[in-house]
Amino acid sequence: MATRIALVLAGQEPVGSRITVEGWIRTRRDSKAGLSFLALHDGSGHEALQVVAPKELANYESEVLKITTGCAVRATGELVASQGKGQTVELRADTVEVVGWVDDPDTYPMQPKRHTMEYLREVAHLRPRTNVIGAVTRVRHALAQAVHRFFHERGFFWIHTPIITASDAEGAGQMFRVSTLDAANPPRTPAGGVDWDKDFFGREAHLTVSGQLNVETYCLAMSKVYTFGPTFRAENSNTRRHLAEFWMIEPEIAFADLAADAQLAEDFLKSIFTALLDERKDDMAFFEKFVDAGCRKRLAAMIETKFTRMDYTEAVAILEKSGEKFEFPVKWGMDLQSEHERYLTEKVVNGPIVVVNYPKDIKAFYMRLNDDERTVAAMDILAPGIGEIIGGSQREERLDVLDRRIAEMHLDAKGYWWYRDLRRYGTVPHAGFGLGFERAIQYATGIENIRDVIPYPRAPRQAEF
RNA sequence: UCCGGAGUAGCUCAGUGGUAGAGCAGGCGGCUGUUAACCGCCGGGUCGGGGGUUCGAAACCCUCCUCCGGAGCCA
């Protein structure tokens, strides 16, 4: 059985032991001294293992000298101290087996050189063989594990909220329709409209835009819960921060107010980034060197600093007094624009900010109305370089106020009957937030385009793979 | 969706009206316990698609497509 290369390089196998490794070739270099050097990667870590193939190998002329970038190889031999510089140990092979050849080396898309991220997106099936996507993949995994660990250790339960939802009223943007009807010739009602009663669910159905409403019900039973799964938005967003399919983390806590929610969010971010810095030193060093020189410092600073709390009203006042020329002038009652968020995080505080108590008219119906009757107990956590990374709120637990808000926003109360029931049967103050998982990865790594931190990005006109 | 930018060799790019180039990659040879090695030679192009201007278009004009950045929407 093959040994993982990361473990070999970490010193788990003593020099002198006989091991087998399996992976894909990055480069081959030949020496006329009668040996070839193979840089072998198996994805287990950032570094490659140098395999030394001597000309005495039976298949040296016939195969080893024909190995090109991308070939799959199994090599067995003795782990020895390296005679060359650049690595401490290497594998002196006594067998090198080519498990899979590269069909046409001339057009193999992955060359041993730096490719642009745009190009790599066009070969999404092969890009995990690169340093940068390999590193992203390991970081993504480490963060996902850290997310589950954080919640598990604090007594949260992971709730698998549905992907398909029949309540078309989640109110968080355009939704993808889920239907088995013949799109070209759907059944019609007498009035001529599409007869959704004939569809699979007997009603209109969509992909979820948020697990929040569903997870709230479990919150009011299990006390501390969270979702972590895919989310879908059919918005025609063409930016480096948006995807049509992305993963979202949404914790929900009972008997809790906005302050507790903000504290949870702060602890959460610090926890997962601490784990990342600890577990993926190799990859973070790579990002620091080749992608974003400030990424490790930024995370370290965030972990150490207490997040600044700022009232929305105060933030607007600061922006108004800043003397800064904004494309969109600041005014109480409007949402903060990207340029405003950037000014606050980068110029005013130079770190993460929790902005709380937004005007009710720019926030969702379920957010708890404050006593001033003009703001709600909402929060956004803004981070330098990425803007809003977390959005959350205390939820409206008073049925009469909730109904008033539903009516104000011209929503149909009937569609929320089960959500309203929570306010009738043992309602409690509760709160939660949502974190876009990919944005957290962007923040941590400095990868500029969100399409490069998810294996197969889904965006307008992009679903090739 | 709006604004701006870009599509030339497998990849990264140069080429602003007169016979399509470089580096890397690939093939062949040389050299070396090598490090995305180095040196020499060779092969490789509907210049994104369509239409137009011109004696002549990769270049100028129109149009469509694709990608990137910014904005909006948001996570």
Side-chain angles (χ1 to χ4, degrees), chain A residues 25-39 47-55 65-66 68-70 80-87 90 92 102 104-123 126 130-131 171-174 209-212 230-250 290 326-328 335-339 341-342 362-364 380-383 386-392 433-443 448-454 459-462 464:
Chain A
I25 298 295
R26 286 289 172 79
T27 60
R28 185 196 91 224
R29 294 179 295 275
D30 305 320
S31 167
K32 274 298 182 310
L35 50 152
S36 293
F37 300 94
L38 306 171
E47 298 300 321
L49 177 67
Q50 175 156 286
V51 174
V52 182
K55 69 167 188 272
L65 285 180
K66 291 176 182 162
T68 56
T69 303
V80 297
S82 179
Q83 293 174 34
K85 289 174 183 165
Q87 59 279 320
E90 62 194 21
R92 187 151 194 99
V102 165
D104 179 10
D106 191 34
T107 57
Y108 179 62
M110 297 291 104
Q111 294 173 7
K113 64 175 238 177
R114 197 162 185 173
H115 284 113
T116 61
M117 300 306 281
E118 291 80 18
Y119 172 70
L120 292 178
R121 251 168 255 153
E122 296 171 14
V123 284
L126 296 170
T130 62
N131 283 331
Q174 292 292 109
V209 294
S210 164
Q212 183 201 315
T231 309
F232 308 87
R233 303 276 166 91
E235 239 105 53
N236 189 12
S237 298
N238 293 287
T239 83
R240 58 185 186 86
R241 304 187 310 282
H242 291 86
L243 288 168
E245 177 182 271
F246 63 98
W247 287 59
M248 193 149 64
I249 297 152
E250 297 172 290
F290 290 105
F326 294 115
E327 189 186 343
F328 297 91
D335 211 354
L336 299 179
Q337 306 290 311
S338 295
E339 55 178 343
E341 297 180 349
R342 227 176 295 127
I362 58 171
K363 288 295 182 183
D380 283 353
I381 299 187
L382 312 178
I386 189 149
E388 182 184 335
I389 189 169
I390 279 182
F433 63 81
L435 168 79
F437 187 49
E438 285 75 18
R439 290 203 180 160
I441 301 171
Q442 280 186 279
Y443 179 76
E448 289 188 347
N449 195 308
I450 198 168
R451 295 166 193 195
D452 302 320
V453 298
I454 189 167
R461 308 195 62 81
Q462 286 191 355
E464 170 77 10

*Kindly say whether, by distance alone, the side chain of A:Gln87 makes a donor-acceptor pair under 3.5 Å with the base of B:rU34?*
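Under the 3.5 Å cut-off, the side chain and the base do form a donor-acceptor pair.
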*Ignoring hydrogens and angles, are the base of B:rC73 and the side chain of A:Ser237 linked by a donor-acceptor pair under 3.5 Å?*
yes
*Have a look at A:Glu90 and tell me which of A:Val51, A:Leu38, A:Val52 forms a side-chain contact (heavy atoms from CB on, under 4.5 Å) with it.*
A:Val52
Checking side-chain polar atoms at under 3.5 Å, does [X] have a donor or acceptor matched by the opposite partner on [Y]?
X        : Y        : value
A:Ser210 : A:Glu250 : yes
A:Arg29  : A:Gln50  : yes
A:Gln442 : A:Arg241 : no
A:Arg26  : A:Asn131 : yes

I'd like the [atom1] distance from [M] over to [N], given in whole Å.
N      : M      : atom1 : result
B:rU12 : B:rG45 : C1'   : 16 Å
B:rC67 : B:rG21 : C1'   : 24 Å
B:rG52 : B:rA59 : C1'   : 15 Å
B:rC31 : B:rG17 : C1'   : 47 Å

*Nucleotide by nucleotide, 5' to 3', does protein get under 4.0 Å of the base (B), only the sugar-phosphate (S), or neither (-) in nucleotides 65-70 of chain B, counting heavy atoms?*
-SSSSS
*Can you list the residues that meet the side-chain hydrogen bond (donor to acceptor under 3.5 Å, both in side chains) rule with A:Glu47, with sequence neighbours excluded?*
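For A:Glu47 there are no side-chain hydrogen bond (donor to acceptor under 3.5 Å, both in side chains) partners, ignoring immediate neighbours.
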*Examine distances only and state if a side-chain atom of A:Tyr443 and a backbone atom of A:Glu438 form a donor-acceptor pair shorter than 3.5 Å.*
no
Classify the nucleic acid contact of [X] as base, sugar-phosphate or nothing, counting any heavy atom under 4.0 Å across all strands shown.
X        : answer
A:Gln50  : base
A:Leu243 : base
A:Tyr119 : sugar-phosphate
A:Ser36  : nothing
A:Gln83  : base

Between the protein and nucleotides 36-38 of chain B, which nitrogen or oxygen pairs come in under 3.5 angstrom?
from	atom 1	to	atom 2	distance (Å)
B:rA36	N1	A:Arg114	N	2.7
B:rA36	N3	A:Pro112	O	2.6
B:rA36	N3	A:Lys113	N	3.1
B:rA37	OP2	A:Arg29	NH1	2.9

*Does a nitrogen or oxygen in the side chain of A:Gln337 sit under 4.0 Å from OP1 or OP2 of B:rG72?*
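So the side-chain polar atoms of A:Gln337 do come within 4.0 Å of the phosphate oxygens OP1 or OP2 of B:rG72, strictly under.
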*Would you tell me if any nitrogen or oxygen in the side chain of A:Thr116 comes within less than 4.0 Å of OP1 or OP2 on B:rU12?*
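A:Thr116 to B:rU12 OP1/OP2: side-chain N or O found under 4.0 Å.
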Distance in angstrom units between [X] [atom1] and [N] [atom2], rounded:
X        : N      : atom1 : atom2 : value
A:Lys55  : B:rU34 : NZ    : P     : 16 Å
A:Phe328 : B:rC3  : CZ    : C1'   : 12 Å
A:Leu382 : B:rC74 : CG    : C1'   : 13 Å
A:Glu388 : B:rC73 : CD    : P     : 11 Å

*For A:Lys113, check side chain to side chain contact (heavy atoms under 4.5 Å, CB included) against everything at least two apart and list the hits.*
A:Gln111, A:His115
_A:Asp30: side chain to side chain contact (heavy atoms under 4.5 Å, CB included) partners, not counting sequence neighbours_ = A:Arg28, A:Ser36, A:Leu65
*Look at A:Asp380 together with A:Lys363 and state whether they make a salt bridge at an N to O cut-off of under 4.0 Å.*
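Salt bridge: yes.
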Side chain of [X] only, heavy atoms from C-beta on: which candidate in [options] is closest?
X        : options                : answer
A:Pro105 : B:rG26, B:rC74, B:rC73 : B:rG26
A:Phe37  : B:rA71, B:rA75, B:rU34 : B:rU34
A:His242 : B:rU35, B:rG27, B:rC73 : B:rC73

*Give a yes/no verdict on base stacking between B:rA75 and A:Phe437: centres under 5.5 Å, planes within less than 30° of parallel.*
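No, A:Phe437 does not stack on the base of B:rA75, since the centre distance and plane angle fail the 5.5 Å and 30° test.
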Using the 3.5 Å cut-off, write out each protein N or O paired with an N or O of nucleotides 39-48 of chain B and the distance between them.
none

